[in-house]
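Just so you know, these numbers use all the heavy atoms, side chains as well, and skip hydrogens, waters and symmetry mates. Atoms within each ligand, like the ligands themselves, are counted from 1 in listed order.
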Amino acid sequence: MRHLLSAADLDAATATSLLDTADRLKEALLGREVRKLPTLRGRTVVTLFYESSTRTRASFEIAGKQMSADVVNVSAGSSSVSKGESLRDTALTLSAMGADCVILRHPSAGAAHRMSEWTPAHVINAGDGMHEHPTQALLDAATLREHLGTLDGRRITIVGDVLHSRVARSNVALLSMLGAQLHLVAPPTLLPAGVSGWPVTTGHDLDAALPQSDAVMMLRVQAERMHGGFFPSAREYATWYGLSEARAARLPQHAVVLHPGPMLRGMEISAAVADSPRAVITGQVSNGVHIRMAVLYHLLASQEAGT
Ligand code: NCD
């Protein structure tokens, strides 16, 4: 594997080996006072973000630094992008400076794929519009495997704004490949037209789905990608699709609650549920660092790193 552009770049064996590597890195680094491995010394990793981010950008930076790479962060607002430079010219500029890996977040679907045609560097898609966010799916798979033992046969319910969600698209591809049974719950207006071709079941009744779920993944309502009214009001959305305490009580005892963040507390999920023991949201964030270390290792340092 030369790039990680979509969950479809992974087969079950590669995905499982990334999850295993992340587990080993987590074990190796946990509790250590100095969290630094020499693995990527002398390699240059650039994060290039055209959309805002807290978790994804910071965790790629931390992952690179904990493996001793030189990490450079470029964000569109404070770079020549704001002077009108094209993505291609930005790619050529970063390549000319010797970037070994470019981690790209961009509002257009397919941007990471285009970038991979313009640069000799390895490219990681950190979110391209409504399309894909493969490292988020990997960190979600790591978190689910940690709590449920396996993904095989586990019932995962994904709730909310599926239409605009790259997190949902990457998770559907990856989790189904790893054997999970996926159920999507969303208002009819927030399910994509092509969902009938996805390896999922769909519905609109969250109360009915919860007792059947080993895990529930709440999605952020992507207001910035909405032009027009997809639901009557935030309050109405919360009434039907928000994970309140009363609703969460319908989950089986062992079930866990995920959210990729940033969360809209009170709309998608109540504060009480987000802070409850069954919410594994901060665990997702921690696993994100180890998953991104595993991906950087796989692309830049392992024997299999392709040309
Ligand atoms: C997600 C994203 O940006 O795609 N956040 C993340 O990466 N953790 C989800 C979102 O913004 O809703």
Side-chain angles (χ1 to χ4, degrees), residues 4-7 22 47-64 73 75-77 103-113 123-144 156 158-175 184-187 190-192 215-227 230-231 234 237-238 241-243 256-269 274 279-296:
L4 180 55
L5 306 176
S6 89
T47 69
L48 175 59
F49 275 52
Y50 287 73
E51 277 186 359
S52 45
S53 169
T54 304
R55 279 151 278 269
T56 306
R57 205 201 55 72
S59 72
F60 268 115
E61 180 176 357
I62 292 169
N73 298 311
S75 44
I103 298 158
L104 177 68
R105 170 167 288 192
H106 196 279
S108 303
H113 193 271
V123 176
I124 301 176
N125 180 6
D128 59 333
M130 295 166 11
H131 182 223
E132 284 245 19
H133 191 357
T135 58
Q136 178 70 40
L138 281 164
L139 75 89
D140 290 335
T143 309
L144 290 163
I156 319 291
I158 302 180
V159 184
D161 185 0
V162 177
L163 178 64
H164 301 105
S165 178
R166 54 197 178 203
V167 174
R169 276 177 189 73
S170 289
N171 264 307
V172 166
L174 183 72
L175 302 182
L184 309 182
V185 175
L190 290 177
L191 274 176
V216 57
M217 182 184 294
M218 307 307 294
L219 299 172
R220 184 173 65 86
V221 173
Q222 311 250 319
E224 75 278 22
R225 300 190 206 282
M226 290 184 187
H227 309 286
F230 285 86
F231 47 83
Y237 181 92
Y241 299 99
L243 191 61
V256 289
V257 174
L258 292 85
H259 193 303
M263 281 186 275
L264 298 177
R265 286 172 184 249
M267 184 169 174
E268 303 134 5
I269 187 166
V280 294
I281 298 162
T282 51
Q284 288 172 269
V285 177
S286 309
N287 287 332
V289 174
H290 304 115
I291 280 293
R292 285 164 180 136
M293 289 175 89
V295 169
L296 287 170

* Closest approach of any protein heavy atom to atom 4 (O) of ligand 1, naming residue and atom ->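 Answer for atom 4 (O) of ligand 1: Arg166 NE, 2.7 Å.
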
* Closest approach of Arg292 to Ser59 (non-hydrogen atoms, all atoms of both residues) ->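 Shortest heavy-atom separation between Arg292 and Ser59 comes out as NH1-OG, 2.6 Å.
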
* Between Ser170 and Pro134, which heavy-atom pair has the shortest distance, and what is it? ->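 Smallest heavy-atom distance, with atoms named: OG-N, 3.5 Å.
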
* His259: what forms a side-chain hydrogen bond (donor to acceptor under 3.5 Å, both in side chains) with it, not counting sequence neighbours? ->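 His259 satisfies side-chain hydrogen bond (donor to acceptor under 3.5 Å, both in side chains) with Glu268 only.
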
* To do: Look only at the side chain of Arg105 and the backbone of Gly127, and say whether a donor-acceptor pair between them is shorter than 3.5 Å.
  =>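 Flag not set: sc Arg105 to bb Gly127 has no pair under 3.5 Å.
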
* May I ask you to decide if Leu163's main-chain N or O and Arg169's side chain share a donor-acceptor pair within less than 3.5 Å? =>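 Checking the backbone N and O of Leu163 against the side chain of Arg169, a donor-acceptor pair under 3.5 Å is found.
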
* **Proximity flag Pro260 to ligand 1, non-hydrogen atoms under 4.0 Å** =>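 Yes, that is the case, since the closest heavy atom of the residue is under 4.0 Å from the ligand.
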
* For Ala126, is the nearest heavy atom under 4.0 Å from an atom of ligand 1? ->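 It does not, in that no heavy atom of Ala126 comes within the 4.0 Å cut-off of ligand 1.
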
* So is there a nitrogen or oxygen of Gly261 less than 3.5 Å from a nitrogen or oxygen in ligand 1? ->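 Looking only at distances, the answer is yes, because the N/O contact criterion of under 3.5 Å is met.
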
Numbering the atoms of ligand 1 from 1, which are under 4.0 Å from a heavy atom of [X]?
X      : answer
Arg105 : 2 (C), 3 (O), 7 (O)
Gln222 : 10 (C), 11 (O), 12 (O)
Val167 : 1 (C), 4 (O), 9 (C)

* Tell me, do His113 and Asp128 make a side-chain contact under 4.5 Å, heavy atoms counted? ->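 No, too far: nothing below the 4.5 Å cut-off.
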
* Out of Arg220, Arg225, His259, Gln136, indicate the one that has the non-hydrogen atom closest to atom 11 (O) of ligand 1. =>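 Ranked by closest heavy atom to atom 11 (O) of ligand 1, first place is Arg220.
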
* Asked: Parallel, tilted or perpendicular: which fits the ring planes of Tyr237 and Phe231, with parallel below 30° and perpendicular above 60°?
  ->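 Tilted, since the angle between the ring planes falls between 30° and 60°.
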
* How does Glu51 reach ligand 1, by side chain, by backbone, by both or by neither, if only non-hydrogen atoms under 4.0 Å count? ->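 Contact part for Glu51 vs ligand 1: neither.
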
